[in-house]
Amino acid sequence: STETDVIELTPAQTIAIPSPEDLQQLHAGLPIILNEETLGENLTDGMRPYLKEMGLKWGALFGMRSGNRLLGVISLVDTDVHELTEAETNAYTTLADQIGVVLHSRQLLELSQRAHTMTSQLVQTNRAISEAVDYDEMIQVILSSLPEQVTLAGFLIFDSPIVGTTYPT
């Protein structure tokens, strides 16, 4: 069908996280097919009335994977019962895996961008520390580079470095 219905749900009405056993099955690339009897087993109590009201009778879950990672789940539901062929099951599994790879790539890109930003900030902080004219200015540079969540910082700077077991007295 080319017609799509969007159902607005509150967080309390959304589908519950699949059980560890279900997640293990999805992680292995095996779909979970639900029928009228089992459709409500993995759902929150708030969602069950909506299923009944919508007349849902069938569902299928496919793991979105990338390598050895399970990144999410695609949930398909319908008011009619479907018998998926092996080719359809493979197509949905492949689609879910393709989405998983894209999600993983996006996550890696975001991590890379954050690492690049942090590296740039560290280089700028290091440059400012080395250009500081005295310890007070150096500490001010360090304090200004700390995350906002840090509300207190202390520094103990030795007159000479500790080497081996030679401790200052």
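FYI, the numbering just counts along the sequence from 1.
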Problem - Minimum side-chain heavy-atom gap Ile157-Ile139 below 4.5 Å - result: yes

Problem - Any side-chain heavy-atom pair of Pro20 and Leu23 under 4.5 Å - result: no

Problem - Side chain to side chain, Gln107 and His104, heavy atoms closer than 4.5 Å - result: yes

Exercise for the section: Indicate yes or no: at least one non-hydrogen side-chain atom of Ile99 is less than 4.5 angstrom from one of Leu103. Expected result: yes

Problem - Shortest non-hydrogen contact from Gly63 toward Leu70 - result: CA-CD1, 3.7 Å

Problem - Spacing of CG belonging to Leu76 relative to CG belonging to Leu61, to within rounding of 0.5 Å - result: 8.0 Å

Handout entry: Set of residues satisfying side chain to side chain donor-acceptor pair (under 3.5 Å) with respect to Gln149, sequence neighbours excluded
Key = none

Practice task
State yes or no: do Leu30 and Leu26 share one hydrophobic cluster built from I, L, V, M, F, W and Y residues joined by side-chain heavy-atom distances below 4.5 Å, directly or via other members?
Solution key: no

Fill in the blank from the handout: Interatomic distance, CZ@Arg65 vs OG1@Thr93, rounded to 0.5 Å, equals 7.5 Å

Practice task
For Glu88, look at atom CD and say whether over 12 heavy atoms of other residues, nucleotides or ligands are found less than 6.0 Å away.
Solution key: yes

Problem - hydrophobic_cluster_shared for Ile162 and Leu156, side chain cutoff 4.5 Å - result: yes

Practice task
Evaluate the side-chain proximity of Thr125 to Ile129: yes if any heavy-atom separation is below 4.5 Å, no if none is.
Solution key: yes

Handout entry: Short side-chain to backbone donor-acceptor contact, Thr119 and Ala115, under 3.5 Å
Key = yes

Completion exercise
Value for NE2 (His27) from CG (Asp22), rounded to nearest 0.5 Å, stands at 14.5 Å

Handout entry: Neighbour count above 12 (heavy atom, 6.0 Å) for Phe155 CZ
Key = yes

Fill in the blank from the handout: Heavy-atom closest pair (Ala60 atom, Ile33 atom, distance to 0.1 Å) is CB-CD1, 3.7 Å

Problem - Exam field: side chain Ser66 to backbone Arg69, donor-acceptor pair closer than 3.5 Å - result: no

Practice task
Say whether Val133 and Val141 are linked into one hydrophobic cluster, either directly or through other cluster members, by side-chain heavy-atom distances under 4.5 angstrom.
Solution key: no

Practice task
Answer with yes or no whether the hydrophobic clustering places Phe62 together with Leu95; edges join I, L, V, M, F, W, Y residues whose side-chain heavy atoms lie under 4.5 Å apart.
Solution key: yes

Problem - Backbone N/O of Glu86 and side chain of Asn90: donor-acceptor pair under 3.5 Å - result: yes

Exercise for the section: Check the hydrophobic clustering (I, L, V, M, F, W, Y; side-chain heavy atoms under 4.5 Å; chains of links allowed) and say if Trp58 and Ile74 are grouped together. Expected result: yes

Practice task
Please name all residues satisfying side chain to side chain donor-acceptor pair (under 3.5 Å) with His82, sequence neighbours left out, ordered by chain then number.
Solution key: Asp78

Problem - Arg106 side chain reached by Glu110 side chain, heavy atoms, under 4.5 Å - result: yes

